[in-house]
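Report on the structure given below.
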Amino acid sequence: MDDDPLVLELVERSISRYGFDVVTTRAALGVANLLRTEQPDIVLLDVNIPALSGDRILGVVRQFAGPDTLFILYSSMDESRLRELVRASGADGYIPKGVTGPELALKLSGMHHKRMANRPTPALQRDVPAPQSQSTTAQVSVASR
């Protein structure tokens with residue numbers, strides 16, 4: 001999530017307190033393996049990492065994620081630039097790095113619930129209400145070494 005391991009740990013601990021199952025990796029190239037094994041609901045990618053930026057990682061690893069996985073860019077850069085990167089990279093959204101703790105957890109939960117509410121219902125089950133689940137969200141956070 002950040003090239004500073006202390007920031008990575010802080011964000012991991014803070015959103016874990018709000019019901020998220022959090023898995024992190026500091027290796028940009030390890031994201032694909034993590035996506036295959038963990039199948040997270042949300043992937044929070046730092047944009048400003050030296051080895052391979054989050055928006056570039058996204059293009060490489062999306063194929064290893066499930067169809068409902070959200071890819072969120074996380075950066076301290078200007079929000080207009082973040083919006084531009086979301087469009088260019090195919091990310092599902094962004095969250096500025098100033099957002100932490102309960103506000104970060106709330107934004108991630110909102111994005112996840114919105115995605116789940118908007119996903120298509122299989123044709124054979126249209127008349128059957130979708131099961132209500134108590135979802136815990138796995139998150140992959142990316143940082144450089």
Side-chain angles (χ1 to χ4, degrees), residues 1-122 125 129-145:
M1 187 176 302
D2 196 291
D3 51 345
D4 181 342
L6 296 176
V7 173
L8 182 65
E9 183 180 340
L10 175 67
V11 172
E12 177 184 354
R13 279 193 281 154
S14 71
I15 64 172
S16 292
R17 291 181 184 146
Y18 296 95
F20 287 84
D21 293 327
V22 180
V23 178
T24 63
T25 181
R26 294 181 60 214
L29 299 177
V31 176
N33 287 333
L34 206 55
L35 286 170
R36 278 186 278 221
T37 59
E38 297 295 327
Q39 289 297 298
D41 295 313
I42 300 173
V43 179
L44 191 61
L45 295 168
D46 182 13
V47 174
N48 299 317
I49 55 177
L52 188 60
S53 65
D55 58 312
R56 290 187 182 153
I57 291 170
L58 176 66
V60 174
V61 301
R62 187 177 277 281
Q63 65 185 326
F64 301 110
D68 292 326
T69 301
L70 287 170
F71 286 87
I72 309 299
L73 301 181
Y74 191 61
S75 177
S76 57
M77 73 174 41
D78 178 68
E79 284 195 51
S80 64
R81 177 72 177 123
L82 271 173
R83 282 190 294 275
E84 202 175 290
L85 278 176
V86 165
R87 281 191 298 274
S89 69
D92 298 297
Y94 71 90
I95 298 177
K97 275 198 179 174
V99 176
T100 58
E103 187 180 0
L104 177 57
L106 186 64
K107 285 187 178 287
L108 290 171
S109 292
M111 290 173 160
H112 180 254
H113 290 299
K114 183 177 179 182
R115 167 60 64 97
M116 295 290 90
N118 290 331
R119 74 178 173 184
T121 307
Q125 297 180 354
Q132 296 298 318
S133 66
Q134 293 183 2
S135 166
T136 54
T137 303
Q139 173 195 351
V140 179
S141 305
V142 180
S144 64
R145 288 186 182 229

Exercise. Is there side-chain contact between Val23 and Pro40, with heavy atoms separated by less than 4.5 Å?
Worked result: no
Exercise. In Å, rounded to the nearest 0.5 Å, how long is the span from CD1 of Ile72 to CG of Leu45?
Worked result: 9.0 Å
Exercise. With sequence neighbours excluded, what pairs up with Asn118 under the side-chain hydrogen bond (donor to acceptor under 3.5 Å, both in side chains) test?
Worked result: none
Problem set entry | Thr69: partners by side-chain contact (heavy atoms from CB on, under 4.5 Å), with sequence neighbours left out | Val43, Ala65, Phe71
Problem set entry | Closest non-hydrogen atom pair, Val60 against Gln63 | O-NE2, 3.2 Å
For this session: Drop me the distance from Leu108's CG to Ile42's CD1, to the nearest 0.5 angstrom.
Result: 4.5 Å
Exercise. Roughly how far apart are Gln39 CD and Leu34 CG, rounded to 0.5 Å?
Worked result: 10.0 Å
Exercise. How many angstroms lie between NZ in Lys107 and CG in Leu44, if you round to the nearest 0.5 Å?
Worked result: 12.5 Å
For this session: Give a yes or no on whether a salt bridge exists between Arg115 and Asp41, defined as a side-chain N under 4.0 angstrom from a carboxylate O.
Result: no
For this session: With rounding to the nearest 0.5 Å, note down the distance linking CG in Asp21 to CD1 in Ile15.
Result: 10.0 Å
Problem set entry | Closest contact, heavy atoms only, Leu73 versus Ser89 | CD1-OG, 4.0 Å
For this session: State whether the side chain of Tyr94 and the backbone N or O of Arg81 hold a donor-acceptor pair below 3.5 Å, judged by distance alone.
Result: no
Exercise. Hey, are Arg83 and Asp78 close enough for a salt bridge, meaning a charged N less than 4.0 Å from a carboxylate O?
Worked result: no
For this session: Indicate yes or no: at least one non-hydrogen side-chain atom of Asn33 is less than 4.5 angstrom from one of Phe64.
Result: no
Problem set entry | Contacts of Arg13 that satisfy side-chain contact (heavy atoms from CB on, under 4.5 Å) - sequence neighbours left out | Glu9
For this session: Can you measure from CD (Glu84) to CE (Met77) and round to the nearest 0.5 angstrom?
Result: 9.5 Å
Exercise. Hey, is the main chain of Leu106 close enough, under 3.5 Å, to the side chain of Ser109 for a donor-acceptor pair?
Worked result: no
Exercise. Short question: side chain of Glu38, backbone of Val22 - any donor-acceptor pair under 3.5 Å?
Worked result: no
For this session: Please report the shortest heavy-atom distance between Pro96 and Leu82, naming the atom on each side.
Result: CA-CD1, 4.4 Å
